[in-house]
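Both backbone and side-chain heavy atoms feed into the values below; hydrogens, waters and symmetry mates do not. Labels below follow one simple rule: chain letters A, B, ... track the order of the sequence lines, proteins then strands, and each chain is numbered from 1.
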Amino acid sequence: MIKITLPDGSVREYEKGTTPLQVAQRISEGLARNVLAARVNGEIWDATRPLITDSTVTLLTWNDDQGKSTLWHSSAHLLAEALEALYPGIKFGIGPPIDNGFYYDVDLGDRQLSPEDFKKIEDKVLELARQNNPYLRKEVSKSEAIAYFKEKGDEYKLDLIKDLTDGNITFYQQGQFTDLCKGPHIPSTGFIKAVKVMSIAGAYWRGDEKNKQLTRIYAITFPKDKELKEYLLLLEEAKKRDHRKLGKELELFTFSEKVGMGLPLWLPAGASLRERLVQFMQRAQIKAGYLPVITPHIGHKQLYVTSGHYEKYGADSFQPIKTPQEGEEFFLKPMNCPHHCEIYKSKPRSYKDLPLRLAEFGTVYRYEQHGELHGLTRVRGFTQDDAHLFCRQEQIQEEFCKVIDLVLYVFRALDFTDYTAQISLRDPNNKTKYIGSDENWQKAEEAIILSAKEKGLRTTTVLGEAAFYGPKLDFMVKDAIGRKWQLGTIQVDYNLPERFELEYTGSDNQKHRPVMIHRAPFGSLERFVAVLIEHCAGKFPLWLTPEQVVVLPISEKYNDYAKKVLDLLKNYDIRGLIDDRNEKIGRKIRDTEVKKVPFMLIVGEKEEAENMVSVRKQGDGDVGSMSTESFANLINKEIEEKLATF
RNA sequence: GCCGAAGUAGCUCAGCUGGUAGAGCAGCUGAUUUGUAAUCAGCUGGUCGGGGGUUCGAGUCCCUUCUUCGGCUCCA
């Protein structure tokens with residue numbers, strides 16, 4: 001008999017060789033029907049793999065990320081079986097689960113797949129799924145494995161086997177298809193109830209462009225048909241929120257081939273929105289003790305040689321700007337930090353000056369690859385809400401705490417309520433690839449962990465994700481439809497102070513090296529605005545939105561009164577317009593709704609006589625009438641409450 | 001940069017196997033003076049992404065180039 005510990009802490013005895021699935025069955029049939037895999041002593045196992053020692057077992061279902069990825073991984077095998085049945089002789093690369101579904105890389109030979117084939121593939125997958133074939137795990141020797149795929153003529157699998165160690169190789173078979181795979185897998189194909197082939201794309205074997213290009217087939221599966229339908233609805237919703245589409249509709253920004261790809265042009269509505277974000281951050285930063293600096297858009301080559309960016313990125317970026325002076329070269333700045341380091345060096349610094357917090361909305365230029373450009377999220381010129389905090393080692397924790405406060409203030413003001421923080425630390429097994437002393441790293445990592453804890457952040461910690469120059473803390477937000485985005489970042493840097501030989505005089509009258517912290521709560525304004533647009537579907541918070549109010553006169557007779565109303569609103573710092581077109585009120589309302597303006601003030605004979613406005617809220621309809629002053633006070637109060645928490 | 005798909009009016013899109021470009025919205029003009037999500041009528045607007053080729057004739061077929069989209073790779 002063996003002892004099985006379940007997540008609730010209960011311990012039960014089972015016969016040796018009992019499977020996690022049987023454990024589930026003993027608990028309830030309903031649970032057993034939903035078990036996709038199991039976590040056994042921290043490892044993910046097949047639910048049908050016999051337990052032979054005392055174990056801690058967690059049963060995984062569709063509600064667990066690992067349950068999902070197990071189902072998707074198994075689905076990849078099923079997709080491969082379907083493809084092999086439809087297109088005999090094709091060869092297989094790899095077929096892993098991904099964030100939303102899975103893919104399989106296949107070598108189709110001379111065949112071309114097109115979206116018209118998707119339905120056929122889906123039908124075949126479902127047909128095979130209904131056979132409810134079990135996924136059978138089989139341990140094989142390296143020579144057996146090689147023999148099998150030689151026989152089958154699948155050179156990609158042979159390439160994979162080459163790197164595996166003998167005695168550690170497993171096959172999984174379901175139905176007519178056997179694949180090299182370490183697993184785990186779901187018990188049988190019948191768990192897969194719905195499938196959608198999403199797209200195809202080219203992908204090099206092993207991600208190397210020198211290798212053959214395979215066809216990558218993306219698909220997603222679900223244990224219930226209803227979930228597929230929900231997923232497709234979510235995709236539609238994401239399409240509606242696409243910042244490129246909304247940016248065009250709301251006239252926030254545009255691109256021009258003539259100006260250059262990846263170089264956004266901010267239109268008046270977008271530019272004023274962006275300026276409001278900048279002012280919002282500037283106000284908060286002044287409170288937090290930041291000092292503004294301004295640096296030019298270009299810098300001498302030597303600046304980037306010193307910073308190390310020239311060596312690392314010079315060749316792959318915008319090429320130097322030459323001058324009439326022979327041999328003189330300038331670069332568009334790819335980062336603000338080298339300039340800020342020079343500002344630090346502009347005079348001798350004392351420990352009393354620290355922390356020194358230099359802030360700049362600095363526009364930087366990076367030559368992103370052609371295929372990588374995407375709306376505002378991936379551009380070649382963008383503005384960071386950058387700041388560099390120069391401090392003493394022992395000030396790191398306090399500075400981190402203050403930056404976290406600032407980031408959380410941003411999230412609150414912009415209605416990002418669901419976020420986590422990722423702490424990226426050194427790879428403890430490979431300490432040599434990082435710059436800075438072991439002792440400092442340890443202290444900095446500890447400071448980050450403690451400040452995240454002090455601020456009550458939900459965190460995940462990832463070893464080996466730190467930059468070579470220091471550990472960092474990144475914020476991940478979930479938007480209104482559940483997608484994850486990485487936003488603010490705070491990074492410790494031991495490298496640049498070293499390269500620029502930054503110093504301060506300590507209380508001991510000795511020279512010391514400061515630590516630098518990079519931080520950008522928005523990251524880049526371009527990317528942040530893109531995420532924000534998609535998060536709020538273009539319905540920006542009241543304090544930020546381009547127009548807060550549109551005054552709608554019932555007919556041209558009331559344009560003068562509308563003007564009076566708007567003038568009064570302007571005295572209250574409320575942004576608005578009058579729709580004085582010769583249109584019916586229904587039309588004006590519709591057009592204003594479509595522009596996602598939060599409030600409409602309808603004025604006609606009645607309102608003019610009573611000196612009132614009739615208020616209509618975007619999405620909610622008529623909310624009654626009031627005086628212009630009370631309306632102005634109402635919305636200003638709402639804005640104040642939103643922004644006053646820092 | 002690589003693979004695949006696409007580029008037609010300001011926007012969204014139609015245009016079958018080649019026969020000489022069309023709709024809705026927007027814009028302009030006029031009528032209407034309007035009460036909570038589209039008033040009516042008329043008009044303007046396109047070297048069909050650019051260049052080259054095949055053809056009596058190209059939006060349509062071929063080549064090339066640019067851009068966009070979906071991926072790959074990379075990201076200080």
(request) Determine the Euclidean distance between corresponding C1' atoms of B:rU60 and B:rG19; express it in Å to zero decimal places. (result) 11 Å

(request) Could you measure between the two C1' atoms, the one in B:rA26 and the one in B:rC43, and give it in whole Å? (result) 14 Å

(request) Using both distances under 3.5 Å as the test, list the Watson-Crick or G-U wobble partner of B:rG24, or none. (result) B:rC11

(message) Nearest to the A:R616 side chain among B:rU33, B:rA76, B:rA37, which nucleotide is it?
(response) B:rA37

(request) May I ask you to list the residues of residues 595-605 of chain A, by number, that have any heavy atom positioned under 4.0 Å from an atom of RNA chain B? (result) A:I602, A:G604, A:E605

(request) With the side chain of A:R587 defined as its heavy atoms from C-beta on, choose the nearest nucleotide among B:rC25, B:rU73, B:rU36. (result) B:rC25

(message) Under 3.5 Å, is there a donor on one side chain and an acceptor on the other for A:Q302 and A:Y310?
(response) no

(request) Using Watson-Crick or G-U wobble geometry with both distances below 3.5 Å, tell me the partner of B:rG18, or none. (result) none

(request) May I ask which nucleotide in the shown strands pairs with B:rG59, Watson-Crick or G-U wobble, both distances under 3.5 Å? (result) none

Hey, can you pull the donor-acceptor pairs under 3.5 Å for the side chains in residues 520-534 of chain A, sequence neighbours left out?
{"from": "A:S524", "atom 1": "OG", "to": "A:E526", "atom 2": "N", "distance (Å)": "3.4"}
{"from": "A:S524", "atom 1": "OG", "to": "A:R527", "atom 2": "N", "distance (Å)": "3.0"}
{"from": "A:E526", "atom 1": "OE1", "to": "A:T383", "atom 2": "N", "distance (Å)": "2.9"}
{"from": "A:E526", "atom 1": "OE2", "to": "A:R274", "atom 2": "NH1", "distance (Å)": "3.0"}
{"from": "A:R527", "atom 1": "NH2", "to": "A:Q486", "atom 2": "O", "distance (Å)": "2.6"}
{"from": "A:E534", "atom 1": "OE1", "to": "A:R483", "atom 2": "NH1", "distance (Å)": "3.1"}
{"from": "A:E534", "atom 1": "OE1", "to": "A:R483", "atom 2": "NH2", "distance (Å)": "3.3"}
{"from": "A:E534", "atom 1": "OE2", "to": "A:H243", "atom 2": "N", "distance (Å)": "2.8"}
{"from": "A:E534", "atom 1": "OE2", "to": "A:H243", "atom 2": "ND1", "distance (Å)": "2.9"}

(message) For the C1' atoms, the ones on B:rG50 and on B:rG57, what distance do you get once it is rounded to whole angstrom?
(response) 22 Å

(request) Sticking with atom P, work out how far B:rG22 lies from B:rA9, rounded to a whole angstrom. (result) 14 Å

(request) Would you please say whether a donor-acceptor pair under 3.5 Å links the side chains of A:T545 and A:E547? (result) no

(message) From CD of A:E372 over to P of B:rC72, roughly how many Å is that when rounded to an integer?
(response) 9 Å

(request) Could you list the residues that satisfy side chain to side chain donor-acceptor pair (under 3.5 Å) with A:K333, not counting sequence neighbours? (result) A:T295, A:N336

(request) Hey, could you give me each pair passing ring-ring contact (aromatic ring centres under 6.0 Å, His included) that has a residue in residues 594-619 of chain A? Not counting sequence neighbours. (result) A:F599-A:F631

(request) Provide the distance between the two P atoms, one in B:rG46 and one in B:rU64, to the nearest whole Å. (result) 31 Å

(message) Checking A:Y561 now: which residues fulfil ring pair (Phe, Tyr, Trp, His ring centres under 6.0 Å) with it, not counting sequence neighbours?
(response) none

(message) My understanding is that a pair needs two contacts under 3.5 Å, Watson-Crick or G-U wobble. By that rule, which nucleotide pairs with B:rU54?
(response) none

(request) Give A:E607 one of three labels, base, sugar-phosphate or nothing, depending on what nucleic acid heavy atoms sit under 4.0 Å from its own. (result) base

(message) Both distances below 3.5 Å, Watson-Crick or wobble geometry, any strand: find the nucleotide opposite B:rA5.
(response) B:rU68

(message) Say we look at B:rC69 and B:rA37: how far apart would their C1' atoms be, to the nearest angstrom?
(response) 32 Å

(message) For the P atoms, the ones on B:rC56 and on B:rG18, what distance do you get once it is rounded to whole angstrom?
(response) 15 Å

(request) Can you figure out which of B:rA76, B:rU36, B:rC69 approaches the side chain of A:D622 most closely? (result) B:rU36

(request) Return the nucleotide paired to B:rC40: Watson-Crick means purine N1 to pyrimidine N3 with N6-O4 or O6-N4, wobble means G-U with N1-O2 and O6-N3, both under 3.5 Å. (result) B:rG30

(request) Report yes if a donor N or O on one partner sits less than 3.5 Å from an acceptor N or O on the other, where the partners are the side chain of A:R590 and the base of B:rA38; otherwise report no. (result) yes

(request) Taking only the side-chain heavy atoms of A:E593 (C-beta and beyond), determine which of B:rA76, B:rA37, B:rC74 contains the nearest atom. (result) B:rA37

(message) Could you tell me how far apart A:E583 (CD) and B:rU29 (P) are, to the nearest whole angstrom?
(response) 13 Å

(message) Do A:F253 and A:L376 make a side-chain contact, defined as non-hydrogen atoms from C-beta onward lying under 4.5 Å apart?
(response) yes

(message) Less than 4.0 angstrom between a side-chain N/O of A:R244 and OP1 or OP2 of B:rG70, yes or no?
(response) yes

(request) Select one nucleotide: of B:rA76, B:rU33, B:rA37, the one nearest the side-chain heavy atoms of A:R366. (result) B:rA76

(request) Specify the residue among A:R216 and A:C337 whose closest nucleotide of RNA chain B lies further upstream toward the 5′ end. (result) A:R216

(message) Looking at A:E249 and A:K245, is there a salt bridge between them, counting it only when a charged N and a carboxylate O are closer than 4.0 Å?
(response) yes

(message) At 4.0 Å (heavy atoms only), tell me whether A:E257 reaches a base, stays on the sugar-phosphate, or touches nothing.
(response) sugar-phosphate

(request) Return no unless some side-chain N or O of A:Y218 is found under 4.0 Å from OP1 or OP2 of B:rC72. (result) yes

(message) Counting the atoms with a prime plus P, OP1 and OP2 as sugar-phosphate, which does A:K248 contact under 4.0 Å by heavy atoms, base, sugar-phosphate, or nothing?
(response) sugar-phosphate

(request) Tell me the partner of B:rG35, counting only Watson-Crick (N1-N3 plus N6-O4 or O6-N4) or G-U wobble (N1-O2 and O6-N3) with both under 3.5 Å; none if nothing fits. (result) none

(message) Does A:F255 reach a base, just sugar-phosphate, or nothing at all? Heavy atoms under 4.0 Å.
(response) nothing

(request) Provide, to the nearest angstrom, the distance between the CG atom belonging to A:N559 and the C1' atom belonging to B:rG35. (result) 15 Å

(request) Using a 4.5 Å cut-off on heavy atoms from C-beta on, say whether the side chain of A:L552 contacts that of A:I585. (result) yes

(message) What's the closest nucleotide to the side chain of A:I589 if the choices are B:rG35, B:rU39, B:rA37?
(response) B:rA37

(request) Sequence neighbours left out, what passes salt bridge (Lys or Arg N to Asp or Glu O under 4.0 Å) with A:K68? Give chain and number order. (result) none

(message) Taking the nucleotide of RNA chain B with the nearest heavy atom to each, does A:V594 or A:P334 sit closer to the 5' end?
(response) A:V594

(request) Ignoring backbone atoms, test whether A:H370 places a side-chain nitrogen or oxygen under 4.0 Å from the OP1 or OP2 oxygen of B:rG1. (result) yes

(message) Give me the distance, rounded to whole Å, that separates B:rU67 from B:rC25 when you measure between the C1' atoms they each carry.
(response) 25 Å

(message) Using a 4.0 Å heavy-atom cut-off, does A:S614 contact any base of the nucleic acid, only the sugar-phosphate backbone, or nothing at all?
(response) base

